[in-house]
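Report on the structure given below.
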Amino acid sequence: KRFEKLMDTLKEIPGDFHPELRMALNYDKKACKWSAEDCWARGIVDFLVVSGEDAYIVDYKTGSDRYPDMKQLQLMALMVFAHFDQVDYIKAGLLFVAPNNFITGDFKREDIDKLWLDFIPHLERLRLSHVNDTWQANPTPLCGWCPVTSCEFYKGNL
């Protein structure tokens, strides 16, 4: 009941709805199936509406809006561009439901190469780690879900 008005507003966006849509890209940044052998990256968009050349992405957040990270939306936008050839413009937002705050961003197909630049250094580091089978320990909030229990930062070792 608390979020009904908010959800009703999202339902009013015209277009084709794609809730919890799984998307995947191959190494060439082209759309592929989630289970494809050449799958390189995967992502699940919480809420997507495609309306002709426009699309709308919403990522629901239940925590604090103190440090919003727009990179997640940026990556989802890149995946939408790869999966929906007709989409040229995306309006995206992080919807922090508890504090009732909506932080938005816009993405254009013409900026795809520029949008990927934010990810290239991280992707190259991961590629080299994979090639050399050398993985540097890195503490993150996700340590509790990491399968590497021998890591010094594993949540069970803290």
Side-chain angles (χ1 to χ4, degrees), residues 1-130 138-147:
K1 193 77 175 162
R2 178 179 172 195
F3 304 112
E4 187 173 2
K5 184 178 177 185
L6 185 61
M7 294 299 113
D8 286 344
T9 301
L10 293 177
K11 289 188 329 189
E12 291 174 9
I13 300 172
D16 297 324
F17 287 70
H18 302 275
E20 296 293 322
L21 179 66
R22 293 177 168 211
M23 295 181 287
L25 302 177
N26 63 23
Y27 191 75
D28 295 324
K29 303 178 188 112
K30 304 290 184 205
C32 67
K33 292 186 181 209
W34 185 268
S35 59
E37 288 250 343
D38 66 340
C39 181
W40 170 68
R42 293 182 180 99
I44 302 174
V45 64
D46 289 344
F47 181 81
L48 170 66
V49 178
V50 176
S51 180
E53 295 177 353
D54 299 329
Y56 306 87
I57 294 172
V58 178
D59 188 67
Y60 308 116
K61 299 294 184 191
T62 56
S64 168
D65 59 354
R66 192 170 181 182
Y67 302 107
D69 184 3
M70 296 299 285
K71 289 241 177 19
Q72 182 179 0
L73 291 178
Q74 186 174 333
L75 183 58
M76 289 300 102
L78 287 164
M79 289 188 164
V80 168
F81 286 135
H83 281 265
F84 296 88
D85 293 337
Q86 77 277 18
V87 172
D88 288 326
Y89 173 78
I90 298 171
K91 180 78 170 178
L94 297 172
L95 178 56
F96 292 90
V97 293
N100 194 23
N101 191 12
F102 195 50
I103 299 171
T104 63
D106 299 72
F107 304 96
K108 298 176 185 174
R109 179 174 291 280
E110 64 194 50
D111 296 330
I112 286 176
D113 291 338
K114 186 173 116 181
L115 294 169
W116 273 114
L117 290 177
D118 288 333
F119 298 101
I120 297 300
H122 306 290
L123 296 172
E124 182 59 15
R125 181 178 48 83
L126 287 172
R127 186 190 70 76
L128 290 173
S129 291
H130 188 264
N138 181 30
T140 75
L142 301 176
C143 286
W145 291 271
C146 181

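Numbers here are sequence positions counted from 1.
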* Does R109 use its side chain to pair, donor to acceptor, with the backbone of F81 at less than 3.5 Å? -> yes
Taking F96's backbone N and O only, do any of them form a donor-acceptor pair with D65's side chain (distance below 3.5 Å, no angle check)? no
OG (S129) and CD (E124) are apart, to the nearest 0.5 Å, by 10.0 Å
So NZ of K108 and NZ of K114: to nearest 0.5 Å the spacing works out to 9.0 Å
Please check: side-chain N/O of N26 versus main-chain N/O of K29, any donor-acceptor pairing under 3.5 Å? yes
So, the side chain of Q74 versus the backbone of L115: is there a donor-acceptor pair under 3.5 Å, distance only?
yes
Please lay out, stage by stage, how F102 and L94 fare under the test side-chain contact (heavy atoms from CB on, under 4.5 Å).
CA-CA 6 Å; F102 195 50; L94 297 172; over 6 Å; no
All heavy atoms of A55 vs all of V80, minimum pair found to be CB-CG1, 4.3 Å
When every non-hydrogen atom of S51 is compared with those of G15, the smallest separation belongs to CB-CA, 4.0 Å
Closest heavy-atom pair, C32 versus H83, reported as atoms and distance to 0.1 Å, is O-CE1, 3.7 Å
Heavy atoms of L25 and A82 approach each other most closely as CD2-CB, 3.4 Å
- Query: Would you find more than 12 non-hydrogen atoms of other residues, nucleotides or ligands less than 6.0 Å from E37 atom CD?
  - Reply: no
Within-4.5 Å side-chain heavy-atom neighbours: I90 and Y56: no
**Asked** What do the steps show when you test V87 against V50 for side-chain contact (heavy atoms from CB on, under 4.5 Å), and what is the final call?
**Response** CA-CA 8 Å; V87 172; V50 176; 3.8 Å; yes
task = Just do the side-chain contact (heavy atoms from CB on, under 4.5 Å) check on V58 and L10 with the steps written out, would you?
result = CA-CA 9 Å; V58 178; L10 293 177; 3.9 Å; yes
Check for me whether the distance between the ring centres of H18 and F84 falls short of 6.0 Å. yes
Exercise for review: State whether the side chain of D69 and the backbone N or O of K71 hold a donor-acceptor pair below 3.5 Å, judged by distance alone.
Suggested key: yes
Value for CD1 (I44) from CE (M76), rounded to nearest 0.5 Å, stands at 8.5 Å
Tightest non-hydrogen contact, residues F107 and A92, listed as CE1-CB, 3.8 Å
So CG of L95 and CG of D59: to nearest 0.5 Å the spacing works out to 9.0 Å
- Query: Would D8 and K11 pass as an ion pair if we require N to O under 4.0 Å?
  - Reply: yes
Notebook entry, point to check: Relative to the ring of Y27, is the ring of W40 parallel (under 30°), tilted (30 to 60°) or perpendicular (over 60°)?
Noted result: perpendicular
(Q) Given 3.5 Å as the limit, does a donor-acceptor pair link the side chain of R42 with the main chain of W34, or not? (A) yes
Output for pair (L48 CG, L21 CG), nearest 0.5 Å, gives 6.0 Å
All heavy atoms of A98 vs all of T62, minimum pair found to be CB-O, 3.9 Å
Between the CD atom in Q72 and the CD1 atom in I57, the distance rounded to the nearest 0.5 Å is 10.0 Å
inquiry  = Quick check: F17 with F47 (ring centres under 6.0 Å apart)?
reply    = yes
Decide yes or no on side-chain contact (heavy atoms from CB on, under 4.5 Å) for V45 and M23, but give the supporting numbers first. CA-CA 8 Å; V45 64; M23 295 181 287; 4.0 Å; yes
